[in-house]
Protein chains: 2
Amino acid sequence: MSTAERKAREKEALRALILKAAKKLFVERGIDQTTIRNIADEIDYSVGTVYVYFKDKNAILHDLHSIGFQELGSYFQDLFSIKNPKERLKKMGSSYIKFALENAEMYDLMFNLKAPMEFLENSDTDNWDEGAVTFSYVKKTVEECIVEGHFAEHNAEPLSFMVWSLVHGMCCLEIRQRTKGVKFTNPDTILFDGYNEFLKIIEKL
Amino acid sequence: MSTAERKAREKEALRALILKAAKKLFVERGIDQTTIRNIADEIDYSVGTVYVYFKDKNAILHDLHSIGFQELGSYFQDLFSIKNPKERLKKMGSSYIKFALENAEMYDLMFNLKAPMEFLENSDTDNWDEGAVTFSYVKKTVEECIVEGHFAEHNAEPLSFMVWSLVHGMCCLEIRQRTKGVKFTNPDTILFDGYNEFLKIIEKL
DNA sequence: AAATTAAATGAACAATGTTCATTTTTTATA
DNA sequence: TATAAAAAATGAACATTGTTCATTTAATTT
C-alpha cells in the first residue's frame, strides 16, 4: 500500500473519531451543551484540528444527522420481512417512536435542529436524501395497503405525510418537553396510548 | 394617583416595550439572530436595562411564548360558536395550522424551543398552563364528539393527543424545513393535502 | 541529511449572555 | 428651593462561544 492510501485512511479515521466523540458528548450532555472545545478535549486534539476536518459546526451536525438515519435504518431493518403492508405500517410507527425515545438527542438532530438543513442549503443540491428515503418507506407501505384495498378514497402521498406527521408530532412534543406540563391522566403512557388510538383507526380503514 | 402607582405603570410599560421590540425582531430576523443588544438598541435603552426588567433571555422568551398563546387564542376565538363538535374539531385543526404557518417564529417558540420550558423548570410550579388550556379545547371537543356517538371505542384524552400530534407534526416538519428536501409531488399544498386526509378519516368515525 | 509537504496547533478575534459598580434621574424631605 | 435618599439606567468588563490563520511540529521525499 502507498503512503497516500495510508494517509487517506488515517484522515478518515480521525474524521470518524471526531464524529464519535461528538456523538458521545451530545448523548451525554446534550447538543447545546457541547462545544467544539469539548470535542477536541475528548479526543486530545486541539480545536484547530477539528476545523481541519470539518468546515464548521454545521458540517459535524449534518454528518451526525446522517449517522442517525443509519441508526434509524437498523430499527427499520426487519420491517420489510412483514409482508402484510398494514401490519408493517403499524410496526413501522412503533419502531419510529421507539427510536425517537431511545435516541432523543439524535432524533432531535435529525428532525428538529436547523443545522443539518442549513448545511444542505449551503451545498450544491439541497435534497434531503436521508429524509426522502425514510419517507419513501412509509409511502411504499401505504401504497401497498391501497393495492390491497385499504384506505379507499385516500391518496398515498398525503396520507403518508399525515402518518409521518402523527408519529413525528408525538415524538416532538415529548422530546421538547411539551407533554410534561400538560398533566395527562397517564403521563407515562400517553405516547403509547396516543399511538394506540391511531392503530384502532387504521384497523377500520 | 400616587407616584408609586404611576411608577408601577411605567415599569409595566417598559416591560411591554421590551417584549414588543423582542417580538418584532424575532419575527423580522428570527429568534437565533436576535440578541439582547439588538433588543436594547431597538428601544434606545442599554443592555443593562433589559436585565433590570427580565431575569435572563429565557424569561423574555417565556413571556413572549405566553403572548403567542394569546394570539393563538384569537385564531380559536369563534370556534365554540360551532355547536357541532365534529365540525368544530375539523375547523380547530385548520385554525391551528393557519396560525402556525402565519406565525412560524412564534409557533416555534411556543411548541419547539426549549427556553420557555426551561424557564418553567426554574419556577415554583412547572405546570405549562398555556399548553394545558389549549389542549383542553381539543379534549373537550373530542369528548363532545364521543357524546354524540362518534369515535366509538376511542378514549378522549389519548385520541386528543393523537390529533394534536398530527397537526403539530405537520407544522413542525414544515417550519423546521423537513418538507422542503423531500420533494413531494405538490410541495406547496402538502400540509393542506395531508390534513385533508385526516378530515376524510374522521368523517368516517 | 536537507528540503519539501502535510498535519496539528493555540493564540487571537468577534459575538453573545450576563453582571454589577457607577452614574444619572427622580422623589421625598427639610 | 436646596439637599438627601431612593430608584432607574448605564456600559464597561467577564466568561464562553464558534472560528481563523500564522506558526510550529511531524512526516515524507529527495
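Heavy-atom basis, side chains included; hydrogens, waters and symmetry copies ignored. Below, chains carry the letters A, B, ... as their sequence lines are ordered, and counting in each starts from 1.
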query = Do B/S66 and B/D63 meet the criterion of a side-chain donor-acceptor pair at a distance under 3.5 Å?
reply = no
inquiry  = In whole Å, I'd like the distance from the CZ atom of A/F54 to the P atom of D/dG18.
reply    = 15 Å
key: d(NZ, B/K114; P, C/dG17) in whole Å   = 17 Å
task = Output every pair passing salt bridge (Lys or Arg N to Asp or Glu O under 4.0 Å) with a member in residues 106-116 of chain A, not counting sequence neighbours, ordered by first then second residue.
result = A/D108-A/R176, A/D108-B/K114, A/K114-B/D32, A/K114-B/D108
task = Determine the contact category for B/T49: base if any of its heavy atoms lies under 4.0 Å from a base atom, sugar-phosphate if only primed atoms, P, OP1 or OP2 are that close, otherwise nothing.
result = base
request  = Starting at atom CG of A/D32, determine the distance to atom P of C/dT16, rounded to an integer number of angstrom.
outcome  = 17 Å
request  = Starting at atom NZ of B/K55, determine the distance to atom P of C/dC20, rounded to an integer number of angstrom.
outcome  = 14 Å
request  = Would you indicate which nucleotide in C/dT18, D/dA9, C/dA8 comes nearest to any side-chain atom of B/K57?
outcome  = C/dT18
Distances under 3.5 Å between protein N/O atoms and the N/O atoms of nucleotides 27-30 of chain D, please, pair by pair.
from, atom 1, to, atom 2, distance (Å)
D/dT28, OP1, A/R6, NH1, 3.3
D/dT28, OP1, A/R6, NH2, 2.1
D/dT29, OP1, A/T3, OG1, 3.1

Spacing of A/E12 atom CD relative to C/dA6 atom P, expressed in whole Å = 18 Å
inquiry  = Apply side-chain contact (heavy atoms from CB on, under 4.5 Å) to residues A/S160 and A/F135 and explain how you reach the verdict.
reply    = CA-CA 8 Å; A/S160 303; A/F135 180 69; 3.7 Å; yes
query = Quick one: does B/L61's side chain get under 4.5 Å of B/I31's, heavy atoms only?
reply = yes
inquiry  = Counting only side-chain nitrogens and oxygens, does B/Y51 get under 4.0 Å of the OP1 or OP2 atom of D/dT10?
reply    = no
inquiry  = I want to verify a distance call: between D/dT19, C/dA7, D/dA9, whose nearest atom is closest to the A/K11 side chain?
reply    = C/dA7
Length of the CG-P vector between A/D56 and D/dC21, whole Å = 14 Å
request  = Taking the side chain as every heavy atom from C-beta outward, state whether A/H168 and A/N112 have any atom pair closer than 4.5 Å.
outcome  = yes
message = Parallel, tilted or perpendicular, judged at 30° and 60°: which one describes the rings of B/H65 and B/F69?
response = perpendicular
request  = Send over the distance from A/Y45 OH to C/dT9 P, rounded to a whole Å.
outcome  = 7 Å
task = Among D/dG18, D/dA9, C/dG17, find the nucleotide with the atom closest to the side chain of B/L14.
result = D/dA9
task = Give me the ring orientation class for B/F184 and A/F161: parallel if the planes are under 30° apart, tilted from 30 to 60°, perpendicular past 60°.
result = perpendicular
request  = Could you work out which one of C/dT9, D/dT19, C/dG17 sits closest to the side chain of A/S46?
outcome  = C/dT9
request  = Using both pair distances under 3.5 Å as the test, note the stems of at least 3 consecutive Watson-Crick or G-U pairs that include DNA chain D.
outcome  = C:1-30 with D:1-30
ask   = Checking all strands, does B/Y53 fall into the base, sugar-phosphate, or nothing category for heavy-atom contacts under 4.0 angstrom?
value = sugar-phosphate
inquiry  = Heavy-atom nearest nucleotide on DNA chain D for A/N58 versus B/V52: which residue maps closer to 5'?
reply    = B/V52
ask   = How many Å lie between CZ on A/R15 and P on C/dA6, as a whole number?
value = 19 Å
message = Over 60° means perpendicular and under 30° means parallel, so tell me whether A/F151 and A/H154 are parallel, tilted or perpendicular.
response = perpendicular
inquiry  = Any heavy-atom pair between the side chains of A/F80 and A/M92 that's under 4.5 Å?
reply    = yes
task = List the steps, then state whether side-chain contact (heavy atoms from CB on, under 4.5 Å) holds for A/T141 with A/L79.
result = CA-CA 10 Å; A/T141 303; A/L79 283 176; over 6 Å; no
